[in-house]
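Okay, so here's the structure we're looking at.
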Number of protein chains: 2
Amino acid sequence: MASATRPGSRLGSDDWVAAAYDRFREEGLGGVRVEAIARDLGTTKGSFYHHFGDRAELVAAVMDRWEREETDHFMIEADAAPGPRERLEVLFRGIGQRRIPGEDSLYLDAEREGVTDCVREVTDRRVAYVAAALVELGIEPAEARRRALATVGAVLGLEQLARGGVGPIMAGRDEMQRTLLAIMTSP
Amino acid sequence: MASATRPGSRLGSDDWVAAAYDRFREEGLGGVRVEAIARDLGTTKGSFYHHFGDRAELVAAVMDRWEREETDHFMIEADAAPGPRERLEVLFRGIGQRRIPGEDSLYLDAEREGVTDCVREVTDRRVAYVAAALVELGIEPAEARRRALATVGAVLGLEQLARGGVGPIMAGRDEMQRTLLAIMTSP
DNA sequence: ACCTGAACACCGTTCAAGT
DNA sequence: ACCTGAACACCGTTCAAGT
């Protein structure tokens, strides 16, 4: 395991978070299991409860790190784009994309794991960013906000459908993004 | 439990499905647990494996029944609407709605539970129905198909966001539906 | 043909006992 | 202050033994 620590030394809560994050990266939140991580660390699951109240606390710590590290990359990328239209293209691509395998099921897992607030915050930021771009394109703020919500919702929903294998989505991903962009920016 | 059978009599696989469906209704697929259902039926979990190969088979049977019973209601309702526009309104409302608590997490659970094919089939039917209504409104078939996908995706995605509590979605559900309808039917 | 009871492997959580 | 080891309750799955 990537996070194996020098054996013999005692563990801190950060060691548990690091090992948990490794598992999240590859398997999603479902992979963040106390007993399995204890195995990764070469210790017993009993010792876990000297660092955390329960598994939910560990999951929350993992999500904190995820939000800090993996969340704003494509907004930074979009900022470099010349105009609002190009910015939207980058955003559409970015919202639907997953950088690490663990993110694949994040929206699916968030509710069951009690981390909807974290995911919501990230989504809020994205909606606001899309809305700002639409305002730049001449759409009035209230309508832009509604369309931004619809857009982000559509990208997430299509992602969901694509995983379910509905129709030609997987094949026509770019096509769908162009369609969305055209519809959402129409006057 | 609703499905408690006359005690003493032996059980058939249909008894297991009935009891499982009761649990699905109230708790979703996550509630379909062999040991818990055995308790509901007043038997042991060991006996379950004389009727099914594994839990996945039971889950598949539950989904079969769900697809037969809960899936086409709002299309029938929509058929009664006077025109395509009214039909779309009924559809938008219907797609986002859940009739039983267990459906709340269906899209979330489908992948983990290996029942994406069933959900996909239902979604396919809905996309086709929306596309047909858009064609009736004068949009050419290929574009109608793309927009129908975007629409169903958006409704599902917004549902997901609403559960996560993003922004004013919960408050402005009707408003979002009107916005979607306006955007998707624009020439 | 169906069922029971125990077993096993995997979880999360608690806690007495050790260092 | 941290850790181990065993325990408990909950899962899915298997299987010998019973009816």
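Below, each value reflects all heavy atoms present in this structure, side chains not excepted, and no hydrogens, waters or symmetry copies. In what follows, every chain begins at residue 1, and chains take the letters A, B, ... in the order their sequences are listed.
Where B/Gly12 and A/Val34 each meet DNA chain C at their nearest nucleotide, the meeting point lying more 5' is that of B/Gly12.
Base pairing of C/dC2 is made with D/dG18, judged by Watson-Crick or G-U wobble geometry with both donor-acceptor distances under 3.5 Å. Look at D/dA7: its Watson-Crick or wobble partner, with both distances under 3.5 angstrom, is C/dT13.
Within the 4.0 Å cut-off from OP1 or OP2 of C/dT4, not a single side-chain nitrogen or oxygen of B/Arg10 is found. Phosphate proximity of C/dC3 to B/His51: present, with a side-chain N or O under 4.0 Å from OP1 or OP2. Under 4.0 angstrom from either OP1 or OP2 of C/dC11 there lies at least one side-chain N or O belonging to A/Arg33.
When the P atom of C/dC3 is taken as reference, atom CZ of B/Phe52 falls 12 Å away, rounded to whole Å. Across the protein-nucleic acid pair, A/Arg55 atom CZ and D/dC10 atom P stand 18 Å apart, rounded to whole Å. In this structure, B/Trp16 atom CH2 and C/dC2 atom C1' are separated by 12 Å, rounded to whole Å. Rounding to whole angstrom units, NZ of residue B/Lys45 and P of D/dC11 are separated by 8 Å. Between the OH atom of B/Tyr49 and the C1' atom of D/dA17 there is a distance of 19 Å, given to the nearest Å. Whole-Å rounding puts the B/Phe48 CZ to C/dA1 P distance at 19 Å. What separates CG of A/Leu58 from P of C/dT13 is a distance of 10 Å, to the nearest Å. Remark: P of C/dG5 and NE2 of B/His50 are 13 Å apart, rounded to the nearest angstrom.
Of the charged side-chain nitrogens involved, none lies within less than 4.0 Å of a carboxylate oxygen, so that B/Glu175 and B/Arg178 do not count as a salt-bridged pair.
Side-chain atoms of A/Asp54 lie closest to C/dT13 of the nucleotides C/dT4, C/dT13, C/dC3. In the set D/dC2, D/dC11, C/dG12, C/dG12 carries the atom at the smallest distance from any side-chain atom of A/Glu35. Side-chain atoms of B/Ser47 lie closest to C/dT4 of the nucleotides C/dT4, D/dC11, D/dT4.
Nucleotides D/dA1 and C/dT13 are separated by 23 Å at their P atoms, to the nearest Å.
A donor atom on one side chain and an acceptor atom on the other are not found under 3.5 Å apart for A/Thr179 and B/Arg147. Side-chain contact check for A/Tyr129 and A/Asp79: at least one donor-acceptor pair (N or O, by modelled atom type) lies under 3.5 Å.
With A/Glu27 contributing its side chain and A/Phe24 its backbone, the two residues share no donor-acceptor pair below 3.5 Å.
Checked against the 6.0 Å centroid threshold, B/Phe52 and B/Trp16 do not count as a close aromatic pair.
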